[in-house]
Amino acid sequence: MSILKTNIPVGLCSDHAGFELKNIIIGYLESQGIEYRDFGTYSTDSCDYPDFAHPCALAVEDGKVYPAIAICGTGNGIGMTLNKHQGIRAALCWEPELARLARAHNDANILVLPGRFIQPEVAIQCVDTFFQTNFDGGRHQNRINKMPVSECNCK
Ligand code: RB5
């Protein structure tokens, strides 16, 4: 069963290094009839990924998009930014099995792709797998419940 919700679009964001792959993924989503909302960037001009990651993260947290796909050159900068948001679980994936585990074990709500280090066909496979994999819950839910900074009991 797909995690896509018929009444909520998929979110997208990237920087210049992820722009080309984002466009390929947009083409794929359109071919599948999947609605999306693109938070930018909208060209290959050099830019700062937080300017696009933060609005996308807020939209996921607000339930305006679900899930989301984020792309920068390595996936690290945009993923680090997204994960500053307490309601975000953004997972950097470069092969479909990682995308499957990010959903099954981590209930990831944003798939992060490394635009400069992944072939488009593999990226599409990651997207498909991410969309098709449900969260396992159980012991993994207990771990997710402990992720927010407010749950840290180490001080
Ligand atoms: C942009 O050159 C690059 O630094 C960025 O896309 C990303 O890889 C940073 O983490």
Side-chain angles (χ1 to χ4, degrees), residues 3-4 8-32 34-133 135 140 143-152 154:
I3 64 162
L4 298 174
I8 302 180
V10 168
L12 292 164
C13 64
S14 79
D15 70 355
H16 54 288
F19 176 74
E20 193 180 331
L21 180 58
K22 178 160 63 80
N23 277 345
I24 291 170
I25 290 172
I26 284 174
Y28 178 69
L29 296 179
E30 289 179 345
S31 77
Q32 300 300 303
I34 298 169
E35 300 283 328
Y36 63 89
R37 182 168 160 200
D38 184 2
F39 292 88
T41 187
Y42 304 111
S43 80
T44 53
D45 294 347
S46 183
C47 62
D48 302 328
Y49 46 78
D51 294 340
F52 311 99
H54 285 306
C56 185
L58 290 172
V60 172
E61 289 185 315
D62 289 347
K64 292 180 178 148
V65 297
Y66 179 83
I69 301 165
I71 313 165
C72 69
T74 60
N76 279 323
I78 207 162
M80 289 175 186
T81 308
L82 293 163
N83 278 317
K84 295 290 180 190
H85 294 256
Q86 293 298 292
I88 296 303
R89 291 178 300 280
L92 175 58
C93 302
W94 56 91
E95 59 178 58
E97 180 62 1
L98 288 171
R100 187 185 72 76
L101 289 167
R103 286 289 312 130
H105 288 189
N106 311 120
D107 198 15
N109 48 19
I110 303 186
L111 170 66
V112 183
L113 297 167
R116 288 178 172 154
F117 296 89
I118 191 168
Q119 293 301 314
E121 315 80 61
V122 178
I124 299 291
Q125 289 170 10
C126 289
V127 169
D128 258 342
T129 302
F130 195 82
F131 287 170
Q132 297 303 324
T133 307
F135 178 45
H140 301 296
R143 294 160 187 172
I144 285 171
N145 292 346
K146 294 180 180 179
M147 281 186 182
V149 175
S150 61
E151 301 307 307
C152 171
C154 308

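Each ligand, and each atom within it, is numbered from 1 in the order the structure gives. The residues of the chain are indexed from 1 along the displayed sequence.
- Protein heavy atom nearest atom 6 (O) of ligand 1, with residue, atom name and distance: Asp15 OD2, 2.6 Å.
- Closest protein heavy atom to atom 9 (C) of ligand 1: Tyr49 CE2, 3.6 Å.
- Ranking the protein heavy atoms by distance from atom 7 (C) of ligand 1 puts Cys72 SG, 3.4 Å first.
- At a 3.5 angstrom cut-off on N or O pairs, Gly73 counts as close to ligand 1.
- Atoms of ligand 1 lying under 4.0 Å from any heavy atom of Ala17, numbered from 1 in the order shown and given with element: 6 (O).
- Atom 10 (O) of ligand 1 has Gly77 N, 2.9 Å as its closest protein atom, hydrogens excluded (heavy atom only).
- With values rounded to the nearest 0.5 angstrom, Thr44 atom OG1 is found 9.0 Å from His16 atom NE2.
- Nearest non-hydrogen protein atom to atom 3 (C) of ligand 1 is Arg116 NH1, 4.0 Å.
- In terms of protein heavy-atom proximity, atom 8 (O) of ligand 1 is nearest to Thr74 N, 2.9 Å.
- Ligand 1 lies out of reach of Met80, whose nearest heavy atom is not under 4.0 Å from it.
- For the pair Asp62 (side chain) and Lys64 (backbone), a donor-acceptor distance under 3.5 Å is absent.
- Heavy-atom contacts from other residues, nucleotides or ligands closer than 6.0 Å to CD of Gln125 number more than 12.
- Considering CG of Asn76 and OH of Tyr49, their distance stands at 8.5 Å, rounded to 0.5 Å.
- Taking CG of Leu4 as the reference point, atom CD of Glu35 lies at 11.0 Å (rounded to 0.5 Å).
- The nearest heavy-atom contact from the protein to atom 1 (C) of ligand 1 is His16 NE2, 3.6 Å.
- Once rounded to the nearest 0.5 Å, the distance linking CG of Asp15 with CG of Asp51 reads 10.0 Å.
- To the nearest 0.5 angstrom, Cys72 atom SG is 11.0 Å from Leu21 atom CG.
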